[in-house]
Number of protein chains: 2
Amino acid sequence: MMSLESVPPKYAQLVQTLQRRIEAGDYPPGTLLPSENQLIQEFSVSRPTVVAALRVLREQGWIESQQGKGRFVRGRPAMASVEQKRPGQAYLTTPENDTTGDVVEVGAVTAPNRVGVLLDVSPKSKVFVRRRLIVRDAEPTELVSLWLPLDLSGGTDLTSGEPLRQGLREHLQARKGVRFDHIVEQITARMPSADEARQLGMPKNIPLLAVFGAVRDASGRPLAVVEVLLPANRHELEDAYPIT
Amino acid sequence: MMSLESVPPKYAQLVQTLQRRIEAGDYPPGTLLPSENQLIQEFSVSRPTVVAALRVLREQGWIESQQGKGRFVRGRPAMASVEQKRPGQAYLTTPENDTTGDVVEVGAVTAPNRVGVLLDVSPKSKVFVRRRLIVRDAEPTELVSLWLPLDLSGGTDLTSGEPLRQGLREHLQARKGVRFDHIVEQITARMPSADEARQLGMPKNIPLLAVFGAVRDASGRPLAVVEVLLPANRHELEDAYPIT
DNA sequence: AGCCGACAGGTTGTTTTACCAAGTTTGAGA
DNA sequence: TCTCAAACTTGGTAAAACAACCTGTCGGCT
């Protein structure tokens with residue numbers, strides 16, 4: 001008889017144990033990790049299990065291995081401590097209830113130049129747009145626009161001015177059977193229009209960070225475009241990536 | 001006797017073969033990949049070898065696996081086709097010979113506020129700065145600044161106004177024994193100063209994209225800061241990332 | 001004495017064989 | 001029609017062997 005609650009596989013347990021020891025200082029950075037044979041003896045597991053655990057640690061950046069010498073401790077990967085604040089991504093998964101804001105525009109318009117290119121539709125054709133003004137701490141902070149091809153906006157709850165209870169990702173995935181895969185992001189800066197400056201409550205003489213996120217499926221077909229407008233005096237974008 | 005040129009391991013060869021078949025349309029997206037046993041028979045390898053190859057393909061996004069059903073073809077990951085144009089990264093590896101540009105400032109100055117924070121030095125302390133104006137197609141396009149703590153700038157060739165023959169990364173790694181690991185990037189927008197507008201040959205009424213890249217080692221210790229200033233009318237940043 | 005090569009013993013990398021567990025589908029039989 | 005067992009799939013563990021690589025030591029040679 002097996003226990004009903006699922007236990008994590010052995011190699012995953014080993015990963016956790018070694019991570020804890022590195023963080024606790026038992027294996028200081030720069031030193032050699034115990035060899036495979038030593039780990040096999042200490043934990044009473046087979047070599048493939050040890051190797052699987054060490055492979056995970058290497059791919060996550062905790063250690064680096066050198067054939068013939070051993071595995072060197074690098075320490076907790078600093079990458080992991082930098083939270084990924086990709087703008088635009090949050091608006092695809094978070095239900096609109098979680099952020100306060102008003103829908104300021106909903107309907108079909110002729111696609112702006114850049115949006116048309118990102119959605120891969122013919123120039124001057126109509127697309128669906130849904131624009132929201134995000135409010136934080138009782139102050140307007142971001143202007144978020146969602147563009148969709150017309151064939152993806154039909155039959156959804158997006159055409160109403162009500163906030164969505166579901167995340168946008170689940171909504172489209174359930175209604176239309178499309179699967180979001182990745183985002184191609186373009187970042188530019190420009191001066192705000194008079195309308196934008198008024199809506200965002202910002203001076204007209206400071207620039208705007210404009211983030212365009214083209215949402216695609218695994219084959220690269222564009223599904224949607226998210227535009228996020230951030231007043232540059234109150235927001236900046238942060239990201240982290242390894243050096244290749 | 002063995003051949004002297006090293007052959008790639010079997011599982012890597014299998015990865016390449018399957019990638020080519022997916023791209024050629026032999027395994028169309030959405031369909032099931034041949035099962036492990038079928039691949040074992042066709043290629044006359046053992047199961048762990050097949051599993052190792054399929055694991056690589058899954059981690060790279062070519063396929064996705066589902067226990068009990070099989071492995072589904074997703075197609076060439078569109079992520080890979082988007083070239084990663086991380087600003088700042090190029091200036092760390094490319095020799096300065098490859099880009100035309102003049103060194104416009106070299107020396108020790110009091111650290112600007114943001115740079116001091118990123119380098120983790122006490123406020124108002126001195127840091128080394130090396131500023132270059134990049135020229136493309138006979139026009140100034142980018143203003144790149146490199147900040148270093150004083151203890152890292154001593155004994156290097158950076159203090160001269162001559163362009164470096166080596167990449168900055170190799171230069172510091174050889175001279176100082178530090179290892180670049182990752183970059184934490186901040187992106188903001190602001191109006192150019194009169195000096196910057198003049199040097200970049202841009203109008204004073206369009207904004208500037210400012211990218212700050214804090215270079216760190218594996219433990220998170222800051223090693224350098226790269227600032228890239230881009231006129232927003234001529235440049236934008238592009239990036240791609242998967243949806244989690 | 002000093003230098004250099006061979007060799008032994010350690011390490012990780014790759015491949016094979018074998019078995020069991022867990023999830024899904026299918027079809028035979030009640 | 002419904003149930004359930006069999007036959008598929010992928011996921012995980014164990015044991016063994018060989019190859020490639022590094023680092024010492026122990027020679028012999030200059």
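What you see is a predicted model; the values in this text were computed from it and never measured. Just so we're on the same page: letters track the sequence lines, and every chain starts at 1.
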#### Entry: By salt bridge (Lys or Arg N to Asp or Glu O under 4.0 Å) - contacts of A:Glu23 (at least two apart)
A:Arg76

### Message
Using whole Å, what does the distance between atom C1' of nucleotide D:dA14 and atom CG of A:Leu14 come to?
### Response
15 Å

### Task
Verify the contact: side-chain N or O of A:Tyr11 to OP1 or OP2 of D:dT13, cut-off strictly under 4.0 Å; return yes or no.
no

### Task
Please name the pair of heavy atoms, one in A:Tyr11 and one in A:Ala53, separated by the smallest distance, quoted to 0.1 Å.
O-CB, 3.5 Å

### Task
Determine whether B:Arg130 and B:Val103 make a side-chain contact, defined as any pair of heavy atoms from C-beta on separated by less than 4.5 Å.
yes

#### Entry: Pi-cation contact, B:Phe212 with B:Arg114 (under 6.0 Å, within 45°)
yes

### Task
Can you sort out the partners of A:Glu42 under salt bridge (Lys or Arg N to Asp or Glu O under 4.0 Å), two or more places apart, ordered by chain and number?
A:Arg21

### Message
Any residue in residues 48-73 of chain A with a heavy atom nearer than 4.0 angstrom to DNA chain D? Just list them by number, or reply none.
### Response
A:Pro48, A:Thr49, A:Gln67, A:Gly68, A:Lys69

### Message
What I want to find out is whether B:Glu142 reaches B:Arg132 closely enough, with some N-O distance under 4.0 Å, to be called a salt bridge.
### Response
no

#### Entry: For B:Arg58, salt bridge (Lys or Arg N to Asp or Glu O under 4.0 Å) partners two or more places apart
none

### Task
Could you list by number each residue of residues 33-47 of chain B showing a heavy-atom separation from DNA chain D of less than 4.0 Å, or answer none if no residue does?
B:Ser35, B:Glu36, B:Asn37, B:Arg47

### Task
Name all residues meeting the side chain to side chain contact (heavy atoms under 4.5 Å, CB included) criterion together with B:Val117; count only those two or more places apart in sequence or in a different chain, and write none if there are none.
B:Asn113

